Amino acid sequence: MLSLTGVHTHIGQYHILQGVDLVLPHGELTVLLGRNGAGKTTTLRTIMGLWHASRGALVFDGSDITQTATADIACAGIAYVPENMGIFSDLTVHENLVLAARDGEPDKARLEWIFGFFPALKKFWNQAAGTLSGGQKQMLAIARAIVEPRKLLLVDEPTKGLAPAIIQSLITAFRELKAMETTILLVEQNFNFVRSLGDSVAVMDDGRIVHVGPMAELSENLDLQQKLLGLSLDTHQ
Amino acid sequence: MMLSRMFSGDFPRSRFLALMLLVAFAGLTLAPFLFPGARALNVAATICVFIVLVASYDLLLGYTGIVSFAHTMFYGIGAYGVGLSLYSVGPTWGAVFMGLTIALILSLVLALVIGLFSLRVKAIFYAMITLAVASAFAVLASQLSDFTGGEDGRTFGVPEVLRPGFRLIDAEVFGTAINGKLITYYLVFFSALALFLLLLRVVNSPFGRVLQAIRENDFRAEALGYRTVVYRTLANCLSAVTATLAGALMALWLRYTGPQTTLSLTIMMDILLIVVIGGMGTLYGAAIGSALFILAQNYLQALMRQASEGLAAVPVLANLFHPDRWLLWLGVLFVLSVYYFPSGIVGKLRGRK
């Protein structure tokens with residue numbers, strides 16, 4: 001679905017990604033782990049074209065998107081949920097979703113499906129998004145990314161600062177998306193959240209991928225956790 | 001249903017605002033009959049033109065987040081286009097439409113070029129570029145005096161039906177002569193109303209929503225698949241074309257065009273002030289702001305004269321309200337309105353922060 005080969009990204013004078021190699025298989029949920037500043041968000045933003053790779057290649061669905069404009073990458077079927085939610089505060093919930101649907105009103109059946117795990121969005125349908133709570137904003141950010149079927153979802157720390165009940169809604173949403181064979185790249189610190197969801201895991205350090213393997217392997221291997229992350233994943237929450 | 005369609009579903013959402021808009025609408029509709037006299041009618045026509053001019057600027061600043069100083073240039077192109085055409089060809093409708101067409105094409109091309117070349121840069125640089133282009137255009141209009149009339153501008157004739165001497169009917173209606181001046185006023189009024197409702201439709205369309213998204217965060221809008229440069233350029237073109245039409249209306253009303261009435265930086269500052277006072281990102285703000293601003297500009301001095309005469313016995317106050325200080329008080333009123341209505345009058349009335 002998506003492959004990154006030797007991707008380097010510079011932000012100003014800083015050399016953030018230093019040769020990232022990563023393959024996201026179709027229909028799988030890949031979790032990207034790593035300490036703060038390892039380059040996880042930069043990886044997502046580079047895939048999205050918000051920062052262009054200075055070297056290396058990104059191939060999505062058979063097409064080279066290394067220097068493709070962000071808008072074209074989005075139109076090609078990649079949706080991005082940034083860490084800070086990225087909703088449009090002045091627009092209503094409805095308007096945010098219409099904007100994401102791009103071709104007019106979202107499909108009603110799909111909306112009902114989204115309301116199934118994010119009921120608050122239905123309740124606050126005509127309310128300005130800026131007035132929602134943090135959890136509701138996160139629901140809206142994810143709903144916006146999935147309001148139309150997308151080939152690949154890039155999600156940056158969706159559970160950050162959320163209440164457990166809302167995290168459970170997110171788990172349901174991601175499970176259903178997986179069942180629909182949506183490819184997902186998830187940056188997350190909450191290991192309990194991703195343990196049951198992830199098919200594979202990639203660990204980043206200093207702008208490089210230092211480990212790629214099945215989630216089950218890392219989840220069960222304490223030595224590997226210690227080696228890769230410097231701590232047991234059970235405490236990495 | 002019909003009202004909803006007319007207002008594009010964007011109602012005032014405040015009773016007091018609705019009342020203010022209703023008063024303004026009624027006042028402008030019946031101005032020739034309610035406020036007889038050349039000055040009052042001139043104020044009403046100026047309000048109509050400024051509503052369109054400011055609303056078109058609000059499409060840029062309030063809805064798209066673009067700071068431009070070239071708006072008066074497009075306004076001037078409209079006024080000069082119609083004015084110079086009537087001056088050169090003669091007072092015919094053909095000349096009006098020819099001048100208007102040339103002006104619209106010139107504005108569209110300029111807006112497109114400025115937009116495509118400049119909207120990729122940061123906001124402050126874009127503002128500086130538009131300021132430079134607008135200044136260059138004003139200098140050009142002043143220097144090409146053989147063609148434009150230079151600093152004196154051009155006075156020209158208008159088609160017969162718009163001339164004050166023309167009488168549609170001999171009888172007076174409510175004491176008002178149905179003459180060319182009245183017809184010109186209603187031409188300005190209905191054109192302004194149509195353009196305002198059109199802009200209201202634009203900002204409440206899917207296109208308008210994308211503009212608002214771009215204003216809030218252009219990267220996020222890009223990440224949703226919208227080419228922000230294209231949308232910004234389209235907004236720039238639409239805004240420029242509307243300002244050009246406003247300029248053409250002003251030229252027809254004044255039967256004169258010159259740098260001071262269309263191209264001056266003072267008008268640009270007035271537009272900015274009106275947008276801020278009325279409320280950015282609310283087209284109704286352009287209507288309320290224009291009405292209050294133009295009224296204050298024209299009648300504050302007279303009000304102060306009355307106040308000063310009434311307070312003649314109180315030396316300090318009489319001096320403070322001396323009509324010569326009207327600009328000082330206008331400034332104080334602006335400072336107070338920005339302080340108490342940071343989101344503009346309409347923003348405040350709609351219950352925003």
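Worth saying up front: this structure is predicted, and the values here are computed from it rather than measured. For the numbers below, each heavy atom of this structure counts, side chains included, while hydrogens, waters and symmetry mates do not. Within every chain, numbering begins at 1; the chains are lettered A, B, ... in the order of the sequence lines, protein sequences first and strands thereafter.
A salt bridge is absent between B:D10 and B:R5: the closest approach of a Lys/Arg side-chain nitrogen to an acidic carboxylate oxygen does not fall below 4.0 angstrom. We find that A:D90 and B:R215 are joined by a salt bridge, their nearest charged nitrogen and carboxylate oxygen being less than 4.0 Å apart.
Counting heavy-atom pairs closer than 4.5 Å to chain B, the top residue among A:S89, A:A100, A:A79 is A:S89. Contact tally against chain B (heavy-atom pairs below 4.5 Å) for A:C75, A:A74, A:A69, A:G86: the top residue is A:G86.
Contacts between A:I73 and chain B at a heavy-atom distance below 4.5 Å are absent for every atom of the residue. For B:E216, the part lying under 4.5 angstrom from a heavy atom of chain A is the side chain only. The contact between A:D72 and chain B is made entirely by side chain atoms (from C-beta outward), counting heavy-atom distances below 4.5 Å.
At least one donor-acceptor pair closer than 3.5 Å links the side chain of A:K40 to the backbone N or O of A:R35. Remark: the backbone N or O of B:A223 is not paired with any side-chain donor or acceptor of A:T70 at under 3.5 angstrom.
Other residues, nucleotides and ligands contribute only 12 or fewer heavy atoms inside 6.0 Å of the CZ atom of B:R227.
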